[in-house]
Structure formats: C-alpha cells, structure tokens
There are 2 protein chains.
Amino acid sequence: MSEDGGVPTRVRILDTAERMLQVRGYNGFSYGDVAEELGITRAALHYHFKSKAELGQALIERYAARFSAALDALDETAPDAAAKLRGYADLYLDVLRHDLMCLCGMLAAEYRTLPEPLQASVSAFFDTNTSWLRGVLEQGGAEGSLRLLGSPDDVAAMVLGGLEGAMLITRLDGDVARFSAAADRLLNGLVPA
Amino acid sequence: MSEDGGVPTRVRILDTAERMLQVRGYNGFSYGDVAEELGITRAALHYHFKSKAELGQALIERYAARFSAALDALDETAPDAAAKLRGYADLYLDVLRHDLMCLCGMLAAEYRTLPEPLQASVSAFFDTNTSWLRGVLEQGGAEGSLRLLGSPDDVAAMVLGGLEGAMLITRLDGDVARFSAAADRLLNGLVPA
DNA sequence: GTCTATACAGCGATAGAC
DNA sequence: GTCTATCGCTGTATAGAC
C-alpha cells in the first residue's frame with residue numbers, strides 16, 4: 001500500500017524538500033532528511049535529482065514559476081495599481097501563514113554558499129519581482145492611485161525588502177498579525193492622503 | 001614570529017568567525033574554516049570555545065553588546081527622534097558597506113536549525129531593537145519630529161523589517177546606493193510634510 | 001595554549017543487483 | 001524505480017602529549 005496518493009515521487013520529493021528549504025535553509029537539510037521523511041533511500045533520491053544543486057535548481061524554478069503566475073493573475077484581476085500592491089503583499093502573507101520563509105529570501109541569506117547556477121536563479125527571481133513592482137508603481141503614479149515620493153526603483157526596493165525582512169523577523173515569534181500591520185503601514189505610505 | 005599583532009587568540013577567533021557567520025551563515029562555516037584561516041588546529045579552537053554553539057553564543061553576545069552601545073550613543077548625541085532614526089539606519093549601512101549581513105538577521109533565517117540558547121539570544125536581540133525603536137517613535141510623536149500613521153509597535157516592526165530585508169536583498173548585487181535610497185524612502189514616510 | 005591522533009556520525013555521490 | 005553497499009570527505013568533539 002503506497003501512501004503516495006497517486007502523486008509522482010518526483011513531485012513528492014519537491015514538495016518535501018521545498019518545505020525543508022523554506023524552514024531550515026539550503027545548508028540546513030540533507031538528502032537523508034528528505035529520504036527519511038518520504039520513506040525511501042538517498043540513492044532513490046539521486047535517481048530523480050542527480051545532485052543536491054540540481055534539486056535546488058528545480059525548487060527555485062518551480063517556486064519562481066508559481067510566483068510569476070500569481071503576478072500574472074494580479075495583473076488580470078486587480079482593478080488598479082494600489083490593489084495590485086495589496087495582492088502582492090498577500091502573497092507574502094500566505095507563505096507566512098504556513099510558517100514558512102520565502103524560498104528565495106532564505107536562499108538570499110545563504111547566497112554566498114550557493115553553487116553559481118543557484119545564485120543566478122535567485123538573482124533572477126528578485127529581478128523579476130523588482131521589475132513587476134516598478135511597473136505597478138509607474139502605473140499607480142500615472143493613474144493617480146499611488147503617490148511615490150521617490151523613484152520607482154527605490155520604492156520597489158523598499159517594498160520588496162520591507163516584505164522580505166518583515167517575513168524574516170516575524171517567523172521568530174509567528175506574530176502574523178504584526179506582519180500584516182507592518183505591511184499595511186508600508187503600503188499605506190504609498191496611498192494618496 | 002606570530003602574526004597576531006598582540007590580539008588574544010580568543011578575540012582573533014571571534015573576529016574571524018563573526019565575519020564568516022555574517023557572510024555564510026551559521027550552517028555555512030565550520031571549525032575547520034576558522035582554524036585554517038587563523039593557522040591553528042581545530043583542537044586549539046575547541047580549547048577556547050568548547051563547542052560551536054558556545055562560539056555562536058559568544059558571537060551573538062558581543063554583537064548585541066556593540067549594537068546596544070551604538071543605540072546608547074545615539075540616545076546621547078542625536079538632537080531628536082528623527083535624527084535617532086537616521087542614525088539607526090546608518091548602523092545598518094555601515095554593516096552593508098563591509099559587504100556583510102546583520103549577524104542576527106542571518107541567524108533569523110537559520111533560526112529553526114539553531115540550538116535553543118542561540119534562538120533565545122537572537123530573539124532577545126530583536127526585542128531590544130524593537131523596544132528601542134518603539135521608544136524613539138513615541139518620542140518623535142510627542143515632540144512632533146515624527147508622524148507615525150500607525151501604532152509605534154507596528155511602525156517599529158516596519159522599520160526593523162524594512163532595514164533587515166533591504167540588507168538581505170542588497171547583498172545579492174552589492175548596490176549600497178539603492179539600499180540607502182530605499183532606507184531614506186522608508187524613513188521619509190515618517191517625517192512630517 | 002597548541003599540537004597529533006582519533007573517534008564517530010553525517011554528508012553527497014556512485015555502482016550494480018533486483 | 002528502488003534497493004544495498006560502499007566510497008571519500010567533512011563535520012564536531014575528545015584524549016593525551018608537549
């Protein structure tokens with residue numbers, strides 16, 4: 001009686017490793033940890049991902065693709081730039097509600113210890129986010145739903161950094177309400193009085 | 001000819017390990033790394049700090065003490081709450097200029113993998129910072145040098161998280177000017193128009 | 001205070017049977 | 001696709017000589 005619920009082993013590995021990476025970091029979990037939780041051996045793991053770096057690469061790519069899809073959805077459904085920003089902050093809130101750190105935020109901390117390809121993928125994730133934010137901020141300035149008081153680049157850096165950092169600190173005591181309040185305060189500074 | 005410049009080995013160990021911790025994280029450096037850089041053996045290291053956890057504890061305590069002293073200095077020299085906040089952001093800027101992450105911000109990412117005593121010390125560091133910030137924000141509200149638009153607790157969380165997060169992301173590409181601009185934008189939102 | 005030597009567990013990874 | 005077995009290396013930590 002396999003307990004995989006019809007889910008391919010490759011996906012079960014990704015799910016388990018993803019959670020471990022978001023909780024403990026890249027240097028804080030091992031093939032042994034993942035294999036044990038799945039009830040398979042390390043050798044079986046190496047069949048699906050021949051190295052830990054390759055597994056890490058697949059994790060970033062899946063995470064980034066999901067995030068991109070969420071940004072696309074916001075572009076289609078949010079009525080204005082201010083609503084897009086709220087939706088963006090809610091993406092972070094969802095992750096935090098699962099008691100997890102942003103996968104790429106975690107990798108950002110460990111950046112200097114990562115294999116080069118992973119470094120490039122992490123950087124690309126944040127470049128994508130920054131570009132999207134910059135576009136939203138420019139749109140908000142143009143349509144009047146936002147008031148920037150700074151260059152779109154700088155404000156985008158503030159929003160992205162602010163959300164990642166609030167996540168990082170909130171995870172120490174799990175006070176999600178405080179994260180939510182801090183994020184609101186951050187974004188309220190961008191809404192016309 | 002010892003190259004210690006009169007600096008006790010214990011301090012040289014702390015200095016080297018501190019830098020490695022701020023660059024690579026607690027799980028990203030080893031006794032072997034530190035010993036090699038200092039030209040001593042791992043066994044000698046164990047004489048000064050009998051376990052890695054004890055070394056980590058000493059690192060947090062020294063870092064927290066330094067930070068506290070810097071906050072005391074700000075309390076004595078800054079003319080008003082707004083100036084204290086600028087000085088606070090400059091503390092982060094100084095760390096970033098050395099291409100380092102905040103030691104406790106790094107440990108916050110790895111929090112779930114840390115020995116319990118280290119977790120407690122990291123939490124205490126952020127509690128101290130949050131308390132100080134709350135005091136400054138309340139002072140600023142009272143004297144009129146700041147306009148909060150939110151509870152001191154929530155604004156303190158926003159400032160602390162914003163600075164830690166901006167640091168985390170900035171370290172990917174080393175764009176210190178962007179950090180500085182984002183921090184300015186963050187604090188400018190607290191200055192009366 | 002630092003060394004050599006060693007213990008022992010864990011790591012990522014591979015070969016080859018089934 | 002998963003297993004057993006094994007490799008070589010690194011990790012933290014300890015004992016005892018100097």
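Everything numeric here is computed off the predicted structure, so don't read it as measured data.
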Item checked: Sequence-distant partners of Y26(B), ring pair (Phe, Tyr, Trp, His ring centres under 6.0 Å), two or more places apart -> none
Next item on the list: Write down the atom of L149(A), the atom of R185(B), and the distance for their closest heavy-atom approach.
Entry: O-CD, 3.2 Å
Note to self: Can you measure R10(B) atom CZ to dT2(C) atom C1' for me and round it to whole angstrom units?
What the structure shows: 17 Å
Checklist line | Sugar-phosphate only, base, or nothing, as touched by S30(A) at under 4.0 Å among non-hydrogen atoms | finding: sugar-phosphate
Notebook entry, point to check: What are the two closest heavy atoms between Q119(A) and Y111(A), and how far apart are they?
Noted result: NE2-O, 2.8 Å
Check: Which heavy atom in P115(A) sits nearest to a heavy atom in A53(A), and how many Å separate them?
Finding: CG-CB, 4.0 Å
Item checked: Within residues 46-60 of chain A, residues whose heavy atoms come under 4.0 Å of DNA chain D -> Y47(A), H48(A)
Note to self: Any residue in residues 109-119 of chain B with a heavy atom nearer than 4.0 angstrom to DNA chain D? Just list them by number, or reply none.
What the structure shows: none
Checklist line | Interatomic distance where CG belongs to N27(B) and P belongs to dT10(D) [whole Å] | finding: 18 Å
Next item on the list: Check the distance between dG1(D)'s C1' and I13(A)'s CD1 and give it to me in whole angstrom.
Entry: 10 Å
Margin query: Using every non-hydrogen atom in the two residues, find where T113(B) and G28(A) come nearest and quote the distance to one decimal.
Written below: CG2-CA, 4.4 Å
Notebook entry, point to check: Do the side chains of M101(A) and L107(A) get nearer than 4.5 Å, heavy atoms only?
Noted result: no
Notebook entry, point to check: Between R42(A) (CZ) and dG1(D) (C1'), how many Å, whole number?
Noted result: 17 Å
Notebook entry, point to check: What's the CD1-C1' distance between I40(A) and dT4(D), to the nearest Å?
Noted result: 15 Å
Notebook entry, point to check: Atom CZ of F29(B) and atom P of dT10(D): how far apart are they, to the nearest Å?
Noted result: 18 Å
Next item on the list: Report the C-alpha separation of R86(A) and D184(A) in whole Å, then their side-chain angles, then the decisive distance to 0.1 Å, and conclude whether the salt bridge (charged side-chain N to carboxylate O under 4.0 Å, His left out) test is met.
Entry: CA-CA 8 Å; R86(A) 301 280 166 198; D184(A) 282 351; 3.7 Å; yes
Item checked: Closest to the A43(B) side chain, choosing from dT14(D), dG12(C), dT6(C) -> dT14(D)
Check: Using 30° and 60° as the class limits, which term best fits the ring planes of H46(A) and Y31(A): parallel, tilted or perpendicular?
Finding: tilted
Check: Between L38(B) (CG) and dT2(C) (P), how many Å, whole number?
Finding: 10 Å
Margin query: Would you say CD of E36(A) has more than 12 non-hydrogen atoms from neighbouring residues, nucleotides or ligands within 6.0 angstrom?
Written below: no
Check: What's the OH-P distance between Y31(A) and dC9(D), to the nearest Å?
Finding: 20 Å
Check: Among dT2(D), dA13(D), dT14(D), which nucleotide sits nearest the side chain of T9(A)?
Finding: dT2(D)
